[in-house]
Amino acid sequence: QVQLVESGGGLVQPGDSLRLSCAASGRTRSGDTMAWFRQAPGKEREFVAGVVWTLGTSDGAAYYADSVKGRFTISRDTAKNTMYLEMNSLKPEDTAVYYCAASPTKYYFIANVQRPSNYVSWGQGTQVTVSS
C-alpha cells in the first residue's frame, strides 16, 4: 500500500491559481490509478480529476469532472513520486478539503476512476479556500 501526503493548499482569491502536490511513498507501484477528490463542509466527497498512468512514465489517460474541466490539470513527476493538481481560475465553489487517492488497479472508464470506493490509499487532505 502506498502512503500519500498532500500539500499546497491555502487561501486564495477568485481567479487565482494554486498547485497541489501529492507525495507518494511505500509501494508506489500501487498507484496505477490516482485521483484527486474534494469535500466541502456538509457535502459528500466528490471526484475532481483522475489519471491511469502508463507504467514508468508521467503520461496517462486523464479524466476530469465537468466542473473543473479546462481549469484544472493533473500531472506527475515520476522521479519525485509526486502527483500534482494545477488549479487555475479558481472559484469560491472550489473551496474544499482536497484529497489524493491511489489504487493498484488500472481503471479505464471514468465511472470507475471517479468512484471513491475503488481507491485503497488516501492522503490526509489539504484545505483550499477561495474567497475575496
Side-chain angles (χ1 to χ4, degrees):
Q1 189 164 332
V2 63
Q3 289 77 47
L4 305 172
V5 178
E6 303 96 334
S7 62
L11 172 63
V12 296
Q13 294 186 340
D16 285 352
S17 299
L18 207 57
R19 188 177 77 162
L20 304 183
S21 299
C22 173
S25 61
R27 295 182 59 189
T28 55
R29 178 63 177 81
S30 300
D32 282 354
T33 301
M34 297 186 72
W36 289 94
F37 289 81
R38 67 187 180 187
Q39 188 166 18
K43 295 187 177 181
E44 292 188 355
R45 189 167 298 190
E46 67 172 355
F47 170 78
V48 176
V51 60
V52 182
W53 299 114
T54 300
L55 183 63
T57 75
S58 297
D59 298 324
Y63 303 88
Y64 297 92
D66 289 342
S67 59
V68 306
K69 201 171 294 183
R71 300 188 297 122
F72 291 11
T73 303
I74 195 170
S75 64
R76 80 169 175 179
D77 183 331
T78 55
K80 296 180 179 180
N81 283 332
T82 300
M83 178 176 68
Y84 303 99
L85 184 68
E86 186 74 36
M87 305 185 295
N88 298 314
S89 302
L90 283 162
K91 305 175 181 180
E93 50 264 44
D94 295 318
T95 295
V97 177
Y98 283 71
Y99 301 89
C100 65
S103 169
T105 302
K106 287 186 180 292
Y107 295 112
Y108 290 106
F109 299 98
I110 189 171
N112 292 321
V113 175
Q114 66 185 12
R115 186 175 296 131
S117 60
N118 283 341
Y119 295 87
V120 297
S121 300
W122 291 84
Q124 83 290 347
T126 185
Q127 176 72 46
V128 173
T129 302
V130 184
S131 175
S132 55

Query - Phe47/Tyr63 under ring pair (Phe, Tyr, Trp, His ring centres under 6.0 Å): CA gap, chis, key distance, verdict - result: CA-CA 10 Å; Phe47 170 78; Tyr63 303 88; 7.8 Å; no
Query raised in the report: For the residue pair Pro104 and Val120, what are the closest heavy atoms and their distance?
Result: CD-CG2, 3.7 Å
**Report entry** Student check: side-chain heavy atoms of Thr95 and Ser131 closer than 4.5 Å
**Finding:** no
Query raised in the report: Is there side-chain contact between Val12 and Met87, with at least one heavy-atom pair below 4.5 Å?
Result: no
Requested in this report: Considering non-hydrogen atoms only, spot the tightest contact between Ser21 and Thr82 and give its length.
Outcome: CB-CG2, 4.1 Å
Query raised in the report: Any idea how Tyr98 and Phe72 line up, ring-wise: parallel (<30°), tilted (30 to 60°), or perpendicular (>60°)?
Result: tilted
Query - salt_bridge(Lys69, Asp66) N-O dist < 4.0 Å - result: yes
Query raised in the report: Taking the side chain from Tyr119 and the backbone from Val113, do they hold a donor-acceptor pair closer than 3.5 Å?
Result: yes
Query raised in the report: What is the minimum heavy-atom distance between Ala62 and Ile74, and which atoms define it?
Result: CB-CG2, 4.0 Å
Requested in this report: Indicate yes or no: at least one non-hydrogen side-chain atom of Thr73 is less than 4.5 angstrom from one of Tyr64.
Outcome: yes
**Report entry** For the student: nearest non-hydrogen atoms of Ala35 and Met83, plus distance
**Finding:** O-CE, 3.7 Å
**Report entry** Nearest-0.5 Å distance that lies between atom CG in Leu20 and atom CH2 in Trp36
**Finding:** 5.0 Å
Requested in this report: Look up atom CZ in Arg71 and atom OG in Ser89, then write down how far apart they are to the nearest 0.5 Å.
Outcome: 7.0 Å
Requested in this report: Output all residues satisfying salt bridge (charged side-chain N to carboxylate O under 4.0 Å, His left out) with Glu46, sequence neighbours left out; order by chain, then residue number.
Outcome: Arg38
Requested in this report: Quick one: do Arg76 and Val51 satisfy side chain to side chain contact (heavy atoms under 4.5 Å, CB included)? Show the steps, please.
Outcome: CA-CA 10 Å; Arg76 80 169 175 179; Val51 60; over 6 Å; no
**Report entry** Side chain Thr33, main chain Thr105, donor-acceptor under 3.5 Å
**Finding:** yes
**Report entry** Same apolar cluster (I L V M F W Y, side chains within < 4.5 Å links), Tyr107/Ile110
**Finding:** yes
Query raised in the report: Which pair of heavy atoms, one from Phe37 and one from Gln114, lies closest together, and at what distance?
Result: CE2-O, 3.5 Å
Query raised in the report: So among Leu90, Thr126, Asn88, which one has a side chain to side chain contact (heavy atoms under 4.5 Å, CB included) with Leu18?
Result: Leu90
Query raised in the report: Quick check: does any side chain N or O of Gln39 sit under 3.5 Å from a backbone N or O of Ala96, one acting as donor and the other as acceptor?
Result: no
Query raised in the report: Are more than 12 heavy atoms from other residues, nucleotides or ligands located less than 6.0 Å from atom CD of Glu44?
Result: no
Query raised in the report: Does Gln13 reach the main-chain N or O of Ser132 with its side chain, forming a donor-acceptor pair under 3.5 Å?
Result: no
Report task. Kindly write out the residues that satisfy side-chain contact (heavy atoms from CB on, under 4.5 Å) with Ser117, not counting sequence neighbours, or none if the list is empty. Result -> Arg115
Requested in this report: Would you give the length of the straight line joining atom CD of Gln3 to atom CD of Gln124, rounded to the nearest 0.5 angstrom?
Outcome: 12.0 Å
Requested in this report: Kindly confirm or rule out a cation-pi arrangement of Arg19 over Tyr84, judged by NZ or CZ under 6.0 Å from the six-membered ring centre and within 45° of its axis?
Outcome: yes
**Report entry** Met34 side chain near Leu4 side chain, heavy-atom distance below 4.5 Å
**Finding:** yes
Query - Side chain to side chain, Val130 and Lys91, heavy atoms closer than 4.5 Å - result: no
